[in-house]
Amino acid sequence: MEIPKTYDPRQAEERHYVRWEAQGCFAPEVNQDPSAPVFTISIPPPNITGSLHMGHALQHTLMDVLTRHRRMCGHRTLWLPGTDHASISTQLVVSRELKKERLTRHDLGREKFVERVWQWKAESGGQITKQMRREGASVDWSRERFTMDEGLSRAVREVFVRLYEEGSIYRGARLINWCPNDQTVLSDLEVEKTPQAGKLYYLQYPVKGSDRRVTVATTRPETMLGDTAVAVSPNDERYRDLIGTTLILPLVNREIPIIADEYVDPEFGTGAVKITPAHDPNDYEMGARHNLPQVIVIDQHARMTEEAGAEFTGLDRYAAREKVVQQFEALGLLEKVVDYEFSISKCERCKTVIEPLISTQWFCRMSEMPRLALDLMNREKKPQFYPEVPYEKVYTDWLENLRDWTISRQLWWGHQIPAWYDEAGNVYVARSEEEARSKAGTNALTQDPDVLDTWFSSALWPFSTLGWPEETADLETFYPTSVLVTGRDIIFLWVSRMVMAGLKFVGAEPFQDVIITGTVLDKHGQRMSKTKGNGVDPMDVFEKYGVDATRLTLAGASAGTDIRWNDNQVESYRNFANKIWNAARFCLLNSEGASVGRGFAGDPQDWALHDRWITSRLNRTARDVGAALDGYQFHEAVYALYHFFWDDFCDWYIELSKTDVTAVDATSQRDAARSRVITVLEQALRLLHPFMPFITEELWQRLPGIGAESLHAAYRGAKVEPTVMLTAYPEADARLIDARAEAEMQAVIELISRVRSIRSELGLKPGEQIQLFVGPANNGLTGLFDESVTAQIKRLTRAAEVSFKSEMTADVVGRASARAALGGGLEVAVPLQGLIDFAQERERLRKERGKLQDEAEKLEKQLANPKFVDRAPADKVNELRQRLTDIEQRIKALEQMLEALAE
RNA sequence: AGGCGCGUAGCUCAGUGGUAGAGCACUACCUUGACACGGUAGGGGUCUGGGGUUCAAAUCCCCACGCGCCUACCA
């Protein structure tokens with residue numbers, strides 16, 4: 001059999017996914033067991049304009065690990081894929097394309113533009129779905145969904161109509177966040193605050209019929225043109241007498257009142273606040289409290305309106321600012337200007353400064369639905385967040401202080417609002433135009449031109465993708481889903497809204513658990529971003545190190561915390577993949593006469609030590625991995641697998657099996673040993689499969705003795721070729737976890753390591769054969785060293801001979817020996833016939849003794865403390881006593897050795 | 001302004017009351033019949049600083065310093 005010495009990930013990645021997908025291995029229908037438990041994950045739908053980034057790669061890896069694990073446990077698993085339509089982004093992308101043709105969307109008109117977007121989607125919108133295949137994501141493509149699909153759109157209309165009919169959706173004029181660049185309203189969550197170095201302008205407003213002036217401080221002088229009051233704190237002595245009097249607003253000469261409101265902080269600025277109800281959220285509220293008029297001085301393009309006065313009409317807001325300041329200065333009404341840092345709201349997408357405007361929009365009331373979600377958390381602690389701290393609190397805090405959600409957008413791409421107006425302006429909200437017509441009693445209707453916030457449809461994702469509002473079999477079977485894996489940035493935008501919608505419309509939470517992943521940062525700890533150009537493209541990493549290594553890196557990063565991306569880490573997992581490849585290569589090159597699943601017959605107590613040991617380690621690993629995955633501690637699972645495979649299986653088990661496995665004669669002993677290594681390998685491949693799907697499949701396919709009967713019972717009737725992904729995930733058998741075998745093996749390992757250490761420290765050449773004395777023979781441990789173990793010790797320490805001595809005195813082992821004191825009173829000696837440098841050997845032994853003495857001293861001190869002995873648990877005290885005894889024994893042995901070496 | 005998190009080996013990070021760990025990097029030796037993307041043996045840490053609780057603190061509490069994130073209507 002030709003097996004290359006180095007693993008080439010590429011060819012395995014190309015072969016297996018296609019077959020898995022074609023044979024329906026990812027679809028829940030592959031499961032033939034009607035009583036199987038169900039496991040469902042609904043993917044956070046990536047945006048159709050996007051391409052795969054490290055955040056996706058991380059989340060997809062975790063979802064795939066969970067899905068593949070549950071599938072191997074025989075569960076009926078569904079990981080449902082799809083994408084969302086991303087109104088603004090997509091519209092911007094397509095508009096940019098049009099710009100190249102010197103066209104705008106208005107040139108095309110709405111219908112043609114939307115057609116064009118669909119066309120763009122068909123051509124360029126499928127990038128992520130291709131990339132997910134490369135990742136190995138075991139999603140059921142036959143159930144792929146898109147938020148603008150007919151079915152999902154129907155769900156959107158249904159929800160809209162129901163909410164409208166019960167009064168939870170309303171239309172009205174409110175102060176909203178307006179993006180003058182994108183020409184649309186934005187919800188509070190799509191606005192980002194950034195600190196900004198600016199100025200605070202102190203403007204003086206004359207008091208009517210008096211020489212007095214009231215000074216107000218503002219960061220936006222241009223808004224003064226729309227002021228309709230000045231507010232002061234009711235308890236502020238400085239202004240008390242002015243409350244209720246009138247000011248003359250400079251430049252516009254409007255008379256405005258001085259009002260009192262608790263909101264005003266007398267400590268800040270001058271203690272007097274100009275109030276512009278039409279252009280500031282706080283002023284808007286105060287205006288409502290005091291019934292102030294709203295004077296609109298800025299329009300949707302952030303230019304001044306006619307209301308701002310003839311001189312200002314049409315000026316950009318910043319030009320207007322300058323002009324206002326100039327004129328105040330000219331009038332002697334500019335008291336001062338100071339530098340001032342404040343935070344400014346920008347459009348999350350285009351970074352344009354948001355203009356708060358009064359505008360008629362559709363809103364969704366946030367009163368009953370957040371209550372449903374909060375009640376569920378209080379009552380049943382659902383969904384369960386991982387990590388619970390701090391995300392559960394982040395989630396509930398947000399739900400407790402929600403403002404109504406602006407759901408309309410002035411865009412063309414998206415779900416057009418199912419509301420129609422007749423000529424009189426009456427509104428008819430309906431599931432279809434026909435329904436609206438029959439409600440209106442006329443055909444002369446125009447549909448509201450706006451579309452809904454993309455997140456409105458995303459909120460329905462976990463059930464709309466399963467067929468809701470129809471009562472489909474999928475909805476019945478797969479809802480609520482099991483777990484949601486996502487980033488912390490969309491807990492508000494998406495997670496909470498899904499919970500609200502799920503509770504409201506299906507009557508059950510959309511998922512039981514929520515895993516919040518960290519952010520993948522660059523190696524300097526910076527957020528990856530296009531503008532900084534510090535992003536790492538997962539596709540490049542796949543190409544360079546392989547998909548499996550990349551997945552292991554992502555899964556191996558600590559749960560919930562941010563990940564600094566570092567190629568070194570992937571490289572080490574690439575090396576691990578190569579280690580797996582070569583361990584398998586060894587097994588396969590020596591596989592004649594071997595078969596998976598054989599070799600471990602009979603009572604385990606009759607097996608060789610290393611066989612009992614590896615079986616114990618394997619079962620312990622299966623137990624640890626299972627427990628880690630149940631708690632979503634992926635990194636613990638990776639750690640356990642890595643060390644089991646490399647340290648236990650490769651470094652020791654394969655080495656200890658080599659003599660038997662590579663025997664020249666085809667004996668049953670040889671074949672049984674071969675079967676045992678290959679059986680352990682096969683179990684290890686199964687354990688690794690959810691994390692490293694490609695290499696495990698590639699190798700598993702080559703193992704002798706695998707076939708349809710290797711599959712998990714739930715998949716045996718399915719029409720699939722044997723595949724590791726449908727085998728049973730190894731489950732720990734508690735009876736095979738053998739602490740004694742592990743302790744005994746530990747003694748053998750210590751012996752070998754110490755002898756190697758002696759060899760190394762004394763600078764013996766690798767080929768130089770030595771002799772070993774081990775004893776004293778009355779020690780319980782020497783019973784371990786049967787013929788086979790002794791042979792292994794010889795091989796691994798390059799010893800020509802191992803002799804067991806009843807005593808380990810200098811007389812017996814010879815004065816010229818390098819020696820070591822092992823645990824349990826065991827000693828080992830390497831006689832060196834004059835080669836030994838006595839001074840050097842004494843130094844070595846003293847150093848060793850020094851270390852032990854330090855430790856003994858600490859233990860003695862602790863054990864001499866009556867408080868410790870009295871108050872610490874008895875087994876802890878015993879443990880330390882035992883450790884001390886062992887150390888003392890070793891020290892004693894070392895002292896005898898030193899004595900024997902004395903000049 | 002508030003809330004939360006983090007600070008452990010040169011680097012990236014596990015560990016969260018009872019003997020300080022991993023990967024990478026580093027040193028020495030080794031082309032031994034799976035693997036140099038490898039093997040063997042090593043070096044390296046007053047667990048940010050200070051105080052407290054405890055028989056025992058990297059781990060729990062308080063304070064300080066440094067870093068990061070999130071939320072918020074201070075003109």
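Every chain is numbered from 1, with letters handed out A, B, ... down the list of sequences.
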Looking at the base of C37(B), is there any donor atom on it, or on the side chain of Arg574(A), that sits under 3.5 Å from an acceptor on the other one?
yes

Go through C24(B), U19(B), A41(B) for me and flag the one nearest to the Ser753(A) side chain.
A41(B)

For nucleotides C74(B) and A57(B), find the distance between their P atoms and express it as a whole number of Å.
45 Å

Per Phe492(A) side chain, nearest of listed nucleotides U71(B), A75(B), G18(B)
U71(B)

Look at the side chain of Phe868(A) and decide which nucleotide, out of C74(B), A22(B), G18(B), has an atom nearest to it.
G18(B)

Can you see if the side chain of Ser760(A) gets near the phosphate of C29(B) - specifically, an N or O under 4.0 Å from OP1 or OP2?
no

Considering only atom P, compute the distance from A64(B) to G2(B) and round it to an integer number of Å.
12 Å

Selected nucleotide, minimal atom distance to Asn578(A) side chain, candidates A41(B), C35(B), G23(B):
C35(B)

Checking only heavy atoms, does the side chain of Lys658(A) share a donor-acceptor pair with the base of A34(B) at less than 3.5 Å?
yes

As a quick check of understanding, evaluate side-chain contact (heavy atoms from CB on, under 4.5 Å) for His290(A) and Asp261(A), giving each step before the final call.
CA-CA 9 Å; His290(A) 297 270; Asp261(A) 195 291; 2.6 Å; yes

Please find the pair of heavy atoms, one from Arg674(A) and one from Ala663(A), that lie closest to each other, and give the distance.
NH2-O, 4.4 Å

Proximity to the side chain of Ala583(A) - top-ranked nucleotide from A34(B), C37(B), A22(B):
A34(B)

Of all the nucleotides listed (C24(B), A34(B), U19(B)), which has the minimum atom distance to the side chain of Ser572(A)?
C24(B)

Residue Tyr639(A), side-chain heavy atoms: nucleotide from G21(B), G38(B), C30(B) that is nearest
G21(B)

Using atom P in both nucleotides, what's the gap between C13(B) and C69(B) to the nearest angstrom?
14 Å

Phosphate oxygens OP1/OP2 of G39(B): is one of them under 4.0 Å from a side-chain N or O of Trp646(A)?
yes

Using 0.5 Å steps for rounding, measure from the CG atom of Asp562(A) to the CZ atom of Arg527(A).
7.5 Å

Ring geometry between Phe576(A) and Tyr642(A) (parallel below 30°, tilted from 30 to 60°, perpendicular above 60°):
tilted

Arg756(A) to Leu796(A) - nearest heavy-atom pair and separation
NE-O, 3.2 Å

Apply salt bridge (Lys or Arg N to Asp or Glu O under 4.0 Å) to the pair Asp522(A) and Lys532(A), showing each step before the final yes or no.
CA-CA 11 Å; Asp522(A) 75 2; Lys532(A) 273 187 249 167; over 6 Å; no

Look at the side chain of Glu761(A) against the base of A28(B) and say whether a donor-acceptor pair falls under 3.5 Å; ignore hydrogens and angles.
no

Would you please classify the geometry between the Tyr205(A) ring and the Phe328(A) ring as parallel, tilted or perpendicular, with 30° and 60° separating the classes?
tilted

Could you measure between the two C1' atoms, the one in U46(B) and the one in U71(B), and give it in whole Å?
39 Å

Considering only atom P, compute the distance from U53(B) to C61(B) and round it to an integer number of Å.
15 Å

Could you tell me how far A36(B) sits from G18(B) if I compare only their C1' atoms? Round to whole Å.
41 Å

Applying the Watson-Crick and G-U criteria (both distances under 3.5 angstrom) with [ ] for crossing and | for other-strand pairs, one obtains for RNA chain B ((((((((.[[[[.)..(..]]]].(((((.......))))).....[[[[[..)....]]]]])))))))....

Give the nucleotide from the list C73(B), A34(B), A75(B) with an atom nearest to the side chain of Tyr340(A).
A75(B)

Glu341(A) CD: over 12 foreign heavy atoms closer than 6.0 Å
yes

I'd like the P distance from U54(B) over to U59(B), given in whole Å.
16 Å

Winner on side-chain proximity to Glu655(A), out of A75(B), C35(B), G39(B), is C35(B)

Donor-acceptor pair under 3.5 Å: do we get one between Lys5(A)'s side chain and the base of C35(B)?
no

If you measure only the distance, is there a donor-acceptor pair under 3.5 Å linking the side chains of Glu761(A) and Ser757(A)?
yes

Atom pair distance, as rounded to whole Å: CZ in Arg798(A) and P in C30(B):
13 Å

Taking only the C1' atom of each, what is the distance from G15(B) to G23(B) in whole angstrom?
15 Å

For atom CD of Glu855(A) and atom P of A20(B), their distance in whole Å
8 Å

Closest nucleotide among G38(B), A34(B), A75(B) to the Asn575(A) side chain
G38(B)

Would you tabulate the pairs of protein nitrogen or oxygen atoms and nucleotide nitrogen or oxygen atoms of nucleotides 1-12 of chain B closer than 3.5 angstrom?
| from | atom 1 | to | atom 2 | distance (Å) |
| --- | --- | --- | --- | --- |
| U12(B) | OP1 | Arg564(A) | NH1 | 3.1 |

